[in-house]
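The shown structure was predicted, so the numbers you read here are calculated from the model rather than taken from an experiment. Heads up: numbering here begins at 1 and tracks the sequence.
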Amino acid sequence: MMSASDLRNWKAEWRQALLLALAYFGAALCAVTYARANGGVALLWFATPLLAVDLRYRPERSWTLRLAACAAASALATSLEGLGVGVALPFALINIAEGAAVAWLMRQFVPVPGHLTSLRELAILIGVAGGVVPAGTALPAGLLAHWATGLPIGNNAFNWYAAHALGTLTVVPMVELVIGGILSGWARSVERREACEAALLTGFLLVVTGFVFAQTRLPLMFVPLLPMMLMVFRLGRLGAATGLLVITIVGATCTARGLGPVAIGADVDGDVTIARGDITCEHCRSDQPARIANIRSWLTHSTLFLT
């Protein structure tokens, strides 16, 4: 018969696993809803770091319950807004394997977590979560996405790698600050003036980043670095982690919708593509020949002017 302490531990494990699964589901659902481009995989993925950091600080005997809960959350998100029920389970297995691999490798190389206070730990995190692990899961994910959508394997594999590497490296510092008690310690000791300054700097960065990535006319890619530098100078590690999170979320979400500096010179309504100085027409409509002729003329005159 289960003792009272074992029952309490069992309830606590289930409660923690449920909370983790809810957070994982929320992150996965937001990614597949708002950060997918052209019907393929998401361009930003924050679910893996939530699972990886949680597993890293838990005994391995509690991993099974957490992995099962997050697998169910991943499958549900993929079924609702992702690539469909047919690939939901395979994608769930890849996702939880990725999170478990990051956690296990970090425990092997850094047995005692330092909350990213050393260059060695930071370098290992970049190599593991930004290199080896997402690279290992990119090809299976690309194959699955190709099977589900017919889109090129290489494009989906690259987008998967970029999304999972960037997402993990973006979120892990903030989660480490929370788990390490640095964020709560700052919140307890911060003065009102400093808290207002932090809120204003974060809001300023959000407004600047939103303006830069919500337009497609001006090449302002590096403008958000200026307010981010202010946050780093004034808030230290907390400012760096918060600023990185803001820029990544806003930038990736807008880019997935064809906005931002990256979209300058890209497709117009998905019909006209300018690449290597040539113009190709995809799914041409009756009102496009004149527009294409005008663009050809503009390119010809521009080339003569430059030469």
Side-chain angles (χ1 to χ4, degrees), residues 19 22-24 26-31 33-35 42-50 52-54 113-119 121-122 125-126 129-130 162-163 165-264:
L19 291 175
L22 290 174
Y24 191 101
L29 188 64
C30 287
T33 303
Y34 300 110
L43 298 182
L44 190 62
W45 189 258
F46 284 158
T48 291
L50 299 179
V53 175
D54 182 82
H115 305 300
L116 303 181
T117 55
S118 69
L119 289 178
E121 185 178 7
L122 183 59
L125 174 66
I126 293 174
L166 179 62
T168 302
L169 294 179
T170 300
V171 173
V172 164
M174 180 59 74
V175 179
E176 290 279 359
L177 291 178
V178 174
I179 292 180
I182 297 173
L183 182 61
S184 60
W186 178 85
R188 287 193 300 268
S189 62
V190 68
E191 297 180 357
R192 183 176 181 179
R193 180 187 61 82
E194 294 175 339
C196 291
E197 181 184 15
L200 288 174
L201 288 174
T202 304
F204 180 50
L205 176 63
L206 183 61
V207 170
V208 171
T209 307
F211 171 76
V212 167
F213 284 96
Q215 54 85 41
T216 56
R217 295 180 177 274
L218 302 174
L220 305 176
M221 176 73 77
F222 299 103
V223 171
L225 294 180
L226 298 176
M228 182 172 177
M229 287 175 61
L230 289 176
M231 292 189 65
V232 174
F233 290 147
R234 298 299 299 167
L235 304 177
R237 294 171 59 197
L238 178 60
T242 304
L244 182 62
L245 201 60
V246 169
I247 292 176
T248 302
I249 293 175
V250 175
T253 302
C254 291
T255 300
R257 279 160 171 69
L259 301 174
V262 177
I264 296 177

Check your understanding: For A31, what residues pass the side chain to side chain contact (heavy atoms under 4.5 Å, CB included) criterion, not counting sequence neighbours?
Key ->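 Here the qualifying residues are A42, W45.
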I need the minimum non-hydrogen distance between [X] and [Y], along with the two atoms involved.
X    : Y    : answer
L50  : A27  : CD1-CB, 4.0 Å
L259 : F213 : CB-O, 3.2 Å
P49  : V171 : CG-CB, 3.6 Å
L44  : A252 : CD2-CB, 3.6 Å
G243 : L205 : CA-CD2, 3.4 Å
A47  : A28  : CB-N, 4.2 Å

Drop me the distance from [X]'s [atom1] to [Y]'s [atom2], to the nearest 0.5 angstrom.
X    : Y    : atom1 : atom2 : value
L169 : L122 : CG    : CG    : 8.5 Å
L177 : L116 : CG    : CG    : 8.0 Å
R237 : E176 : CZ    : CD    : 8.5 Å
M231 : L244 : CE    : CG    : 10.5 Å
L183 : M174 : CG    : CE    : 6.5 Å
T242 : L201 : OG1   : CG    : 10.5 Å

**Study point:** E191 (side chain) donor-acceptor with R193 (main chain) under 3.5 angstrom
**Key:**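 Absent.
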**Study point:** Any donor-acceptor N/O pair, R257 side chain to A214 backbone, under 3.5 Å
**Key:**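 No, because the side chain of R257 does not come within donor-acceptor range (under 3.5 Å) of the backbone of A214.
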Practice item. Show the numbers, then the answer: is there a side chain to side chain contact (heavy atoms under 4.5 Å, CB included) between W186 and I182? Key: CA-CA 6 Å; W186 178 85; I182 297 173; 5.6 Å; no
Exercise for review: Tell me, with the steps shown, if M221 and V212 meet side chain to side chain contact (heavy atoms under 4.5 Å, CB included).
Suggested key: CA-CA 7 Å; M221 176 73 77; V212 167; 5.8 Å; no
Exercise for review: In sequence, state the C-alpha distance, the side-chain angles, and the governing distance for L245 and F46, and then conclude on side chain to side chain contact (heavy atoms under 4.5 Å, CB included).
Suggested key: CA-CA 10 Å; L245 201 60; F46 284 158; 4.2 Å; yes
